Peer 1: 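This is the structure I have questions about; it appears just below.
Chain identifiers are assigned alphabetically (A, B, ...) following the order of the sequence lines, protein sequences preceding nucleic acid strands; residue numbering begins at 1 within each chain. Keep in mind that this is a model prediction, so the values were computed, not measured.
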Amino acid sequence: MQLSEQEIVRRENLQKIKNLGINPFPEEEFQVSAHAEEVVEGFNEEDGNFQNVKLAGRVMMTRVMGKASFGELQDASGRIQFYVTRDEICPDENKDLYNQLFKKYLDIGDYIGIEGFAFKTQTGQTTIHVKKFTFLSKSLRPLPIVKTRKNEETGEVEVYDAFTDPEQRFRQRYVDLTVNPSVKDIFLKRAKLIATMRSFFDSHGWLEVETPILQSVHGGAAARPFDTHHNTLDIPLYLRIANELYLKRLVIGGFDGVYEIGKMFRNEGMDRTHNPEFTSMEIYVAYKDYNWMMGMVEALIEKIAIEVTGGTIVRYEENEINFAGPYRRLAMIEAIKEYTGTDISQMDEAGLRAFCKELHIGVDDSMGKGKLIDEIFGAKVEEQLIQPTYIIDYPIEMTPLAKKHRTEEGLVERFELFVNGKEIANAYTELNDPIDQRERFESQLQLAERGDDEAMALDEDFLRAMEYGMPPMSGLGIGIDRLTMLMTNQHSIQEVLFFPQMRPLKNQNHVEEN
RNA sequence: GAUUCCGUAGCUCAGCUGGUAGAGCAUAUCACUUUUAAUGAUAGGGUCCUGGGUUCGAGCCCCAGCGGGAUCACCA
C-alpha cells in the first residue's frame, strides 16, 4: 500500500504516542456529560452552569500558541472551542502530554476527551477551559480540511476548500458526514420524516408489518427485477419490486390497516431521481376509498412538513411550496384539457395517436389508449404541477389493481399526488372483485404479448386470496426518498441516501470467488 | 444504453500556442499563555485517472479504456 506523506506522519505519531506510554486506542469508558451544542447554546456566565463537563469527539482544528492552545472539538451535536494550557493538563514535572502529544502527535480527526469548565473568551465565544485531557482514538488518514469564516459585514458563513467532489462524498460518506455538517442535517430530517409518518399511522391504530423481500413472483408493479437464486430450494427468486400484493393479503387476513416502510429494488436506469434500491411506504386501510385517502394524505404531508421543516411552506429550488391542505383535485382528462387546450375525452386510440404526433410525443404500436393518455400527461402536464395537486381518475389500462370508477366509464379510482412536477404518492380505491381482477391480469398479459414490457405479471395465489373475500379498501404508496428530497431542498436522490449505488472501482480488493 | 463535460499535491483549484509541474489550506521544523480561515519564518510533498499514438518534446493534441457529473431514454 502506497502511503502519502501525511499518512506516514500519522503512523509515526501513533508510534510516538505509544512510546510515551499512552494507549492510543484505550479500552475504558469515557463518560460524556455534555455535548457541544448544548454548552454553546446553554452556557450563561451569570448562571455559572457547565462548570464541570466532559465532552468527547474529534479534534477538527488546533491553534497552538506556545504554552497555551485553542482547538475545536466536534461531537455528534456540533463543534465547540476548547482552551488548553500546558501547566493545567500537565500539573507534574512531565510535560509530555502537552509538549509532545498535544502539540506534535495530535492530528486533525483524532478523538479526544476533555474535562473542564465553560467560559467566554474576550470575543465572547463560549469555550471549554480544559483541566484534563484524554486521548481516545487515532486517525491515520487526513480528513479534508473545510474552513469557515463568518463574514462580519454580511453575517454569512463563508466556506473555504469545501469537500465537494460528489464521487468521493458518496463513496466515502463517513468523510462527507464528518466534514460537511449540512449533510448530517439532511439525514436527521429524513429520520424525523419517517418517525413522523410512523407515529401518525400508529396513532390511528394501523399495524406496521414486514413482508417478503425475496419473492418468487414479482407482482404489484411493473418493473424489471433483480434475479437471485435460492440454493437449498433450487428456485429462482426476485428482490421485490413492490409489496402491494402481500399487504393486501394481510388485510384479507383480518387487519384493518397495515403499512410497511421498506426497500424496493428495481433493475432500471439510475439518475437524479432513481436508485436501484429505494424506500417506499405503502399503507392499506379497509372500508375506505380514494376520497378518504386524499384527506388522510393531506393531513400526513402537512404534519410531516411542520415536523421536518418547521412550517407548511417549504422552499424548493425557486418555488415556495405550500403543503397545507386541502390540495387541488384535478381529473387527468381535465388536466390535459387545461394544459393543452384539447379535450381528449371522446378520442379513440387512433385519435390519441394522432394527437400525440401533433404534440411531437414519440409513440409506438405497443401503446394502448391508456398508455397514450399517460404519455400526453407526462409530456405536457406533469412538470407544471408545482403546488401539491391530486391528479385523479386514470385510464383503466394503466392500472390493473384499482377499482373501476363509480361513474366514469373506462377510468379507475386512482390518484397521484404531484409536487414540484414530480409524483410523490400513488393511491387507489383498491379493486376487490376477484373476477374483475383476473380479467385485468389477463388483459395485462395481452399488453405484454403486444410488446409492453411494463405489463404486470399474474399472481395466482393473490387471486386465490381475493376469492376468499377482500374487504373494500384504499391503498397508498409514497416514495420516501423523493419526499425527503422535497422536504430538504435536495435535487439528487444520492443526497438523501447514505450510500447511493456507485459503480465499483476496478482493482479494489474484491471478495475472492469460492 | 445515448450525448456531453470533467479527472493535476491530503482538500479546493490554476496551468497560456505543445517546451523543466503551481497557489492557498493541510503536513514538517522553529517562535508564541485568549486565538478563531490564528500569526511570523523555513522546508518537504506529484503514477498530471490508465494504456496506446502523434511529436525532437505531451498535463495540454489524437484513439481506446476506467470513474464521476449533467441531459436524454427506461423507471418511482
Peer 1: Is A/Arg171 touching bases, backbone alone, or none of the nucleic acid, heavy atoms closer than 4.0 Å?
Peer 2: sugar-phosphate
Peer 1: With no angle test and no hydrogens, is the base of B/C74 tied to the side chain of A/Asp271 by a donor-acceptor pair under 3.5 Å?
Peer 2: yes
Peer 1: When we call it a touch if two heavy atoms are under 4.0 Å apart, what does A/Phe119 touch: a base, just sugar-phosphate, or nothing?
Peer 2: base
Peer 1: Return yes if the base of B/U35 and the side-chain atoms of A/Gln81 contain a donor-acceptor N/O pair under 3.5 Å, otherwise no.
Peer 2: yes
Peer 1: Please give, in whole Å, the distance from B/G69 C1' to A/Ile493 CD1?
Peer 2: 16 Å
Peer 1: Judged by each residue's nearest nucleotide on RNA chain B, which is more toward the 5′ side, A/Gln501 or A/Phe70?
Peer 2: A/Phe70
Peer 1: Does the ring center of A/Phe187 lie less than 6.0 Å from the ring center of A/Phe498?
Peer 2: yes
Peer 1: When you check the phosphate oxygens OP1 and OP2 of B/U34, does a side-chain N or O of A/Gln125 lie under 4.0 Å from one of them?
Peer 2: no
Peer 1: Of the options B/A73, B/A28, B/U12, whose atoms approach the side-chain atoms of A/Thr164 most closely?
Peer 2: B/U12
Peer 1: Quick one: the side chain of A/Thr121 and the base of B/U35, do they pair up donor-acceptor inside 3.5 Å?
Peer 2: yes
Peer 1: At under 4.0 Å between heavy atoms, what does A/Met502 touch on the DNA or RNA strands: base, sugar-phosphate, or nothing?
Peer 2: sugar-phosphate
Peer 1: Determine which nucleotide pairs with B/C25, using a 3.5 Å limit on both distances of a Watson-Crick or G-U wobble pair.
Peer 2: B/G10
Peer 1: Salt bridge or not between A/Arg63 and A/Glu72? Use side-chain N to carboxylate O under 4.0 Å.
Peer 2: yes
Peer 1: Quick one: closest heavy-atom pair of A/Arg79 and A/Ala36, and the distance?
Peer 2: C-CB, 3.7 Å
Peer 1: Please state the P separation for the pair B/C61 and B/C72 - nearest whole angstrom.
Peer 2: 28 Å
Peer 1: Which nucleotide, in any strand shown, forms a Watson-Crick or G-U wobble pair with B/U17, with both distances under 3.5 Å?
Peer 2: none
Peer 1: How far, in whole Å, is B/C49 from B/C11 if one measures between their P atoms?
Peer 2: 13 Å
Peer 1: Working to the nearest 0.5 Å, report the span between CG of A/Asp393 and CD of A/Glu413.
Peer 2: 7.0 Å
Peer 1: Between B/G7 and B/U50, how far apart are the C1' atoms? Round to whole Å, please.
Peer 2: 11 Å
Peer 1: Calculate the interatomic distance between A/Glu383 atom CD and B/C72 atom C1'; express it in whole Å.
Peer 2: 14 Å
Peer 1: Looking only at atom C1', what distance separates B/A26 and B/A9, rounded to whole Å?
Peer 2: 10 Å
Peer 1: Spell out protein contact along nucleotides 38-46 of chain B as letters: B when the base is contacted, S when just the sugar-phosphate is, - when no protein heavy atom is under 4.0 Å; keep the 5' to 3' order.
Peer 2: B-----BS-
Peer 1: Applying a 3.5 Å limit to both distances, which nucleotide forms a Watson-Crick or G-U wobble pair with B/C61?
Peer 2: B/G53
Peer 1: Touch check for A/Asn267, heavy atoms < 4.0 angstrom, all strands: base, sugar-phosphate only, or nothing?
Peer 2: nothing
Peer 1: Both distances below 3.5 Å, Watson-Crick or wobble geometry, any strand: find the nucleotide opposite B/U39.
Peer 2: B/A31
Peer 1: What's the OH-P distance between A/Tyr105 and B/A28, to the nearest Å?
Peer 2: 11 Å
Peer 1: Could you give the distance separating B/C6 and B/C60 at their P atoms, to the nearest angstrom?
Peer 2: 13 Å
Peer 1: Side chains of A/Arg58 and A/Tyr111: any donor to acceptor distance under 3.5 Å?
Peer 2: yes
Peer 1: Is it true that a side-chain atom of A/Asp271 and a backbone atom of A/Thr273 form a donor plus acceptor pair closer than 3.5 Å?
Peer 2: yes
Peer 1: Applying ring-ring contact (aromatic ring centres under 6.0 Å, His included), run through A/Phe415 and A/Tyr390 and close with a yes or a no.
Peer 2: CA-CA 6 Å; A/Phe415 72 81; A/Tyr390 291 123; 4.8 Å; yes
Peer 1: Please report, rounded to the nearest Å, how far the P atom of B/A9 is from the CZ atom of A/Phe163.
Peer 2: 14 Å
Peer 1: Of all the choices, B/U35, B/A70, B/G67, which nucleotide is nearest to the side chain of A/Arg272 once you look at every atom?
Peer 2: B/A70
Peer 1: What integer distance in Å separates A/Asn99:CG from B/C32:P?
Peer 2: 11 Å
Peer 1: Just compare B/C30, B/G69, B/U34 and give me whichever is closest to any side-chain atom of A/Pro166.
Peer 2: B/G69
Peer 1: Classify A/Asp481 by what it touches in the nucleic acid, base, sugar-phosphate, or nothing, heavy-atom distance under 4.0 Å.
Peer 2: nothing
Peer 1: Reckon A/Asn426 touches a base, only the sugar-phosphate, or nothing at all at heavy-atom distances under 4.0 Å?
Peer 2: nothing
Peer 1: Between A/Phe201 and A/Tyr259, is the ring centre distance below 6.0 Å?
Peer 2: yes
Peer 1: Looking only at heavy atoms, what is the nearest atom pair of A/Val146 and A/Phe163, with distance?
Peer 2: CG2-N, 3.8 Å
Peer 1: Answer yes if the side chains of A/Ser77 and A/Asp75 hold a donor-acceptor pair under 3.5 Å, and no otherwise.
Peer 2: yes
Peer 1: Would you check if the distance from the ring center of A/Tyr428 to the ring center of A/Tyr290 is below 6.0 Å?
Peer 2: no
Peer 1: With C1' as the reference atom in both, quote the distance from B/G15 to B/G59 in angstrom, rounded to an integer.
Peer 2: 8 Å
Peer 1: Quote, to the nearest angstrom, the P distance that separates B/C25 from B/A38.
Peer 2: 10 Å
Peer 1: In whole angstroms, how far is the C1' atom of B/G69 from the NE2 atom of A/His491?
Peer 2: 16 Å
Peer 1: For B/C30 versus B/U12, give the span between their P atoms, rounded off to a whole number of Å.
Peer 2: 30 Å
Peer 1: Using the closest heavy atom to pick a nucleotide of RNA chain B for each, name whichever of A/Gly269 or A/Gln168 lands nearer the 5' end.
Peer 2: A/Gln168
Peer 1: Checking contacts here: which listed nucleotide (B/C25, B/G69, B/G67) is nearest the side-chain heavy atoms of A/Gln494?
Peer 2: B/G69
Peer 1: Has A/Arg503 got a side-chain N or O lying under 4.0 Å from the OP1 or OP2 atom of B/G68?
Peer 2: yes
Peer 1: Between the base of B/U33 and the side chain of A/Tyr83, is there a donor and acceptor pair under 3.5 angstrom?
Peer 2: yes
Peer 1: Look at the side chain of A/Ile108 and decide which nucleotide, out of B/U34, B/A26, B/A76, has an atom nearest to it.
Peer 2: B/A26
Peer 1: In whole Å, I'd like the distance from the CZ atom of A/Arg86 to the P atom of B/U34.
Peer 2: 14 Å
Peer 1: Which base, if any, makes a Watson-Crick or G-U wobble pair with B/U4, both distances under 3.5 Å?
Peer 2: B/G69
Peer 1: In whole Å, I'd like the distance from the NZ atom of A/Lys103 to the P atom of B/A28.
Peer 2: 13 Å
